[in-house]
Amino acid sequence: MEQLELLYEGKAKQVFATDDPERIIIRYKDSATAYNNLKKATIVNKGVFSNDISSMLFRHLADAGVETHFIERLNERDQLCRRVSIIPIEIIVRNIVAGSMAQRLGIVEGTRPSNTIVDLSYKRDELGDPLINDDHAVALGLVTYDELKQIYAVTRRINDLLESLFDSVGITLVDFKVEFGRTSDGRIILADEISPDTCRLWDKQTGEKLDKDRFRRDLGKVIEAYEEIDRRLKSLGK
Ligand code: TMP
């Protein structure tokens, strides 16, 4: 597999073409951003842990039958993935109220609602990634209602699988974000990453935050939190 030109550079990752048009290499960087790029920093080795954690989680989901873009982890920073066209919608799942939902609706962070909440946000930096609903997503031409139905069903399955995986290593999956992409033959599969950058993960015993909120909220020990998540998942032999 030969790495070719840089196709895209995002806040936390670079995407390279390969000599196979159906495959890309995703490289995890050490940069951290928050609040729509207002806060930025380099966190040494964050990319290494995020790559390792996301690889383990994607393997776990694939083993359970969730179709994903992930093919293999190539080295400390790189993954080989299927090339997809990303659907510019962030699907956010909330098992416990935290972050923007707690703020927006005046709910105490840590409240467990009786239902699971799914938010959609339109990936457009210049608009500040606004929340949208199903009708907006269809009106914008991003997805059909049938595709949304499929995306919601897979997302709920991902939530069940990840909630119980994290629970088995003493962690509460508070919320997380996923993205989907279209393959060249028109299927919709899980893409992007799942890591402490894209999840809220709280220690079940102590409530300690083991995710990117340590960076967003200046809590310190950011890399230690990523390392701890990596260590616990590794203990499962993933
Ligand atoms: P929020 O509280 O900012 O809405 O975030 C909810 C969850 O989704 C949290 O785990 C972080 C994740 N997330 C991303 O990964 N990327 C994003 O752009 C947003 C808005 C949230």
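All heavy atoms count here, side chains included; hydrogens, waters and symmetry mates do not. Both counts, for ligands and for their atoms, begin at 1 and track the order of listing.
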Electrostatic pair [X]:[Y] at N-O distance under 4.0 angstrom:
X: K209; Y: D213; result: no
X: D125; Y: K11; result: yes
X: R200; Y: D175; result: yes
X: K177; Y: D129; result: no

Original post:
Any chance the side chains of N95 and N159 put a donor and an acceptor closer than 3.5 Å?
Top reply: yes
Original post:
Does a donor on one side chain sit under 3.5 Å from an acceptor on the other, for D135 and Y145?
Top reply: yes
Specify the protein heavy atom at minimum distance from [atom]: its residue, its atom name, and the distance to 0.1 Å.
atom: atom 4 (O) of ligand 1; answer: S100 OG, 2.6 Å
atom: atom 5 (O) of ligand 1; answer: R200 NH1, 3.5 Å
atom: atom 7 (C) of ligand 1; answer: D175 OD1, 3.5 Å

With backbone taken as N, CA, C and O and side chain as the heavy atoms from C-beta onward, which portion of [X] lies under 4.0 Å from ligand 1: side chain, backbone, both, or neither?
X: V174; result: neither
X: C199; result: backbone
X: R216; result: side chain
X: I92; result: side chain

Original post:
Does D211 have a heavy atom less than 4.0 Å from any atom of ligand 1?
Top reply: no
Original post:
Out of curiosity, is R94 lining ligand 1, as in a heavy atom under 4.0 Å away?
Top reply: yes
**OP:** List every atom of ligand 1 that sits less than 4.0 Å from any heavy atom of D197, numbering the atoms from 1 in the order shown and giving each element.
**Re:** 15 (O)
Subject >> Distance filter under 4.0 Å to G99 heavy atoms, resulting ligand 1 atoms >> reply: 2 (O)
Subject >> Short N or O distance, E90 and ligand 1, threshold 3.5 Å exclusive >> reply: yes
**OP:** Output yes when a side-chain donor or acceptor of T206 lies under 3.5 Å from a complementary backbone atom of E208, and no otherwise.
**Re:** yes
**OP:** Can you run down the salt bridge (Lys or Arg N to Asp or Glu O under 4.0 Å) pairs that involve residues 164-173, sequence neighbours left out, and say none if there aren't any?
**Re:** D167-K204
Subject >> Option set R104, K177, E193, criterion heavy-atom distance to atom 8 (O) of ligand 1, minimum >> reply: K177
Original post:
Should Q79 and S54 count as side-chain neighbours, where that means a heavy-atom distance under 4.5 Å?
Top reply: yes
